[in-house]
Number of protein chains: 2
Amino acid sequence: MTIHAEAPADRVTPTAVEDERVSLAVSTVIFALRPHPVTGEPTIWLPLVRRIREPHLGRWALPGGPLRPDEDLAASARHTLERTTGFAPRYLEQLYAFGRIDRSPDRVVSIVYWALVRAEEDAHGVVGDNVEWFVADEVPALAFDHNEIIEYALTRLRAKITYSPIAYRFLPEEFTLAQLREVYEAVLGRRLDPANFRRQALRHLEPTGRCLSGRNHRPPALYRFPAPASPSPLTFAKEESR
Amino acid sequence: MTIHAEAPADRVTPTAVEDERVSLAVSTVIFALRPHPVTGEPTIWLPLVRRIREPHLGRWALPGGPLRPDEDLAASARHTLERTTGFAPRYLEQLYAFGRIDRSPDRVVSIVYWALVRAEEDAHGVVGDNVEWFVADEVPALAFDHNEIIEYALTRLRAKITYSPIAYRFLPEEFTLAQLREVYEAVLGRRLDPANFRRQALRHLEPTGRCLSGRNHRPPALYRFPAPASPSPLTFAKEESR
DNA sequence: GCAAAAGTGTTTCAATTACACCCATGT
DNA sequence: ACATGGGTGTAATTGAAACACTTTTGC
């Protein structure tokens with residue numbers, strides 16, 4: 001109990017569930033970009049795990065688990081990420097704490113993080129029997145309120161990408177402007193003007209000097225996102241750094 | 001335990017603090033606008049409560065308390081708000097879940113809300129021996145990480161007011177444009193051009209027809225913020241409605 | 001040469017900013 | 001009358017959007 005200064009008698013002794021404590025879990029919505037199975041266009045994917053116990057046994061759910069007493073919140077999210085994708089997050093931020101009383105038979109508050117990872121091929125290797133990747137807006141009916149949570153995470157991703165340079169975290173170290181634009185188009189769900197996009201994007205990128213040849217058109221230049229000079233120029237949204 | 005699908009043996013049995021559970025508290029940063037004690041200009045204030053037990057006995061802290069198993073997160077925040085200011089919140093939103101391992105001697109995760117209330121005179125009445133209002137950027141050294149939390153809440157308030165119409169929640173039902181502008185000036189900490197502010201603000205306001213006389217200049221018109229037609233046009237940030 | 005995408009230039013439009021100016025009221 | 005803020009008008013600036021056009025590669 002942290003900050004309880006006043007405790008009127010009528011609030012100390014609740015109805016019935018007296019000795020029952022509230023338990024705390026940490027889950028993570030992990031986003032990656034991969035080609036859509038039918039259209040082939042870059043699409044948002046996420047990994048889900050199959051529940052191996054009640055409640056909701058057998059249904060798909062967000063990866064996560066109970067918070068260990070010796071573990072920070074973000075560290076917990078990082079671990080589920082490692083378990084599920086085998087990668088360290090390229091971006092990790094707290095999403096929201098979900099605590100509705102009726103979201104689970106027992107009383108569980110879930111602190112949910114969202115993460116961006118690269119869609120390397122290796123990621124496939126980690127997928128076991130109980131982990132499977134889904135296209136983000138084609139997920140089945142999930143356990144608990146996890147559909148809601150994913151909806152909200154997508155909202156946040158789409159909002160954040162418009163004002164914060166996180167798109168490059170889906171991509172390899174060096175990338176073309178077309179690749180970066182495809183990330184934006186996949187997330188926002190609409191086409192962007194290549195000319196205008198280029199001008200805006202270049203304000204935040206630095207050229208590597210190299211370029212990508214081999215396709216049947218003019219070879220595009222490769223860029224990288226410069227590491228920020230100060231530890232965090234504007235810690236606006238409490239991003240968890242590595 | 002909600003969504004634990006995989007539990008490798010090395011993670012089930014932690015180091016030492018095995019049976020120790022993590023406990024959960026809900027705290028609220030409550031903002032109101034009042035004249036600054038020396039300059040008299042509108043300023044952000046917030047109420048703090050004095051701790052009546054260890055740890056940090058005697059220090060000021062955010063109002064809050066342990067989460068009851070039969071209570072939703074926002075409901076818990078609403079109660080501390082009622083206890084502390086005697087008012088229902090005019091605005092309530094989840095801020096962040098703070099869970100650093102070292103933030104308290106025992107392991108506590110605090111889910112923090114932030115709220116806006118009107119600075120009615122009545123609010124003074126509720127202030128007991130253990131509750132006191134402080135100017136937001138003149139708070140003393142607080143218990144736990146509560147100084148940090150308040151800093152972050154202020155950041156969020158200042159950011160949010162620039163893109164979301166929450167300023168009017170500091171004000172009575174009907175208000176003048178000058179009052180509304182003073183809210184923005186107090187929160188943002190800089191003067192705004194009255195002419196330009198008016199044009200922008202009018203896009204979201206509706207006139208009441210009445211105006212405010214009695215001052216030694218042209219009487220300003222009174223406006224109100226129209227109730228949104230749909231339940232929530234853009235539930236962008238999971239605002240908790242009443 | 002042709003297709004396809006990279007990359008440049010230009011025009012239009014909307015929103016913000018700065019600031020000059022008039023209006024209505026109490027003293 | 002005049003001080004004080006309420007309220008209107010307007011020109012300058014900025015950035016986003018639309019789109020025509022040139023460049024460079026593979027075939």
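A note on names: the letters A, B, ... follow the listed sequences, proteins ahead of strands, and every chain is numbered from 1. Note that the coordinates shown come from a computational prediction; the quantities given were computed from them, not determined experimentally.
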*For A:Leu188 and D:dA17, give me the distance from atom CG to atom C1', rounded to whole Å.*
16 Å
*Decide yes or no, distance alone: a donor-acceptor N/O pair under 3.5 angstrom between the base of D:dG9 and the side-chain of B:Arg199.*
yes
*Report the distance from atom CZ of B:Phe175 to atom P of D:dG6, rounded to the nearest whole Å.*
14 Å
*Check the distance between C:dA15's P and B:Phe197's CZ and give it to me in whole angstrom.*
18 Å
_Atom-pair distance (CZ on B:Arg181; P on D:dG5), nearest Å_ = 10 Å
*Take the protein atom OH of B:Tyr223 and the nucleotide atom P of D:dG6, then report the distance between them rounded to whole Å.*
11 Å
*Among D:dA16, D:dT25, C:dC19, which is the nearest nucleotide to the side chain of B:Asn196?*
C:dC19
_Separation of atom CG in B:Leu205 from atom P in D:dG7, rounded to whole Å_ = 12 Å
*With DNA chain C as reference, determine whether A:His217 or B:Pro219 sits nearer its 5' end, using the nearest nucleotide of each.*
A:His217
*asked:* Distance check needed: C:dG26 C1' versus B:Arg218 CZ, whole Å only.
replied: 15 Å
_salt bridge (charged side-chain N to carboxylate O under 4.0 Å, His left out) evaluation trace for B:Glu206 with B:Arg224_ = CA-CA 6 Å; B:Glu206 71 182 24; B:Arg224 82 169 69 87; 2.7 Å; yes
*Taking for each residue the nucleotide of DNA chain D bearing the nearest heavy atom, is the 5' side occupied by B:Leu202 or by A:Ala195?*
B:Leu202
*Check ion pair A:Glu185-A:Arg190 (N to O, under 4.0 angstrom)*: no
*asked:* From the set D:dA18, D:dG6, C:dG7, return the single nucleotide nearest to any side-chain atom of A:Asp193.
replied: D:dA18
*Would you mind telling me which of A:Tyr91, A:Phe170, A:Tyr168, A:Phe175 makes a ring-ring contact (aromatic ring centres under 6.0 Å, His included) with A:Phe225?*
A:Tyr168
*Between C:dG7, D:dA16, D:dT8, which nucleotide gets closest to the side-chain atoms of A:Arg198?*
C:dG7
*Could you check A:Ser213 against B:Ala221 and say which one's nearest nucleotide on DNA chain D is further toward the 5' end?*
B:Ala221
_Earlier contact from the 5' end, DNA chain C, for A:Asn216 and A:Ala178_ = A:Asn216
*Give the nucleotide from the list D:dA16, C:dG9, D:dG7 with an atom nearest to the side chain of B:Leu177.*
D:dG7
*asked:* Between A:Tyr184 and A:Phe197, is the ring centroid distance below 6.0 Å?
replied: yes
*Select one nucleotide: of D:dG6, C:dG9, C:dA5, the one nearest the side-chain heavy atoms of B:Pro220.*
D:dG6
*Just how far, in rounded Å, is P of D:dG15 from CZ of A:Arg203?*
7 Å
*Can you say whether the rings of A:Tyr152 and A:Tyr96 are parallel (under 30°), tilted (30 to 60°) or perpendicular (over 60°)?*
perpendicular
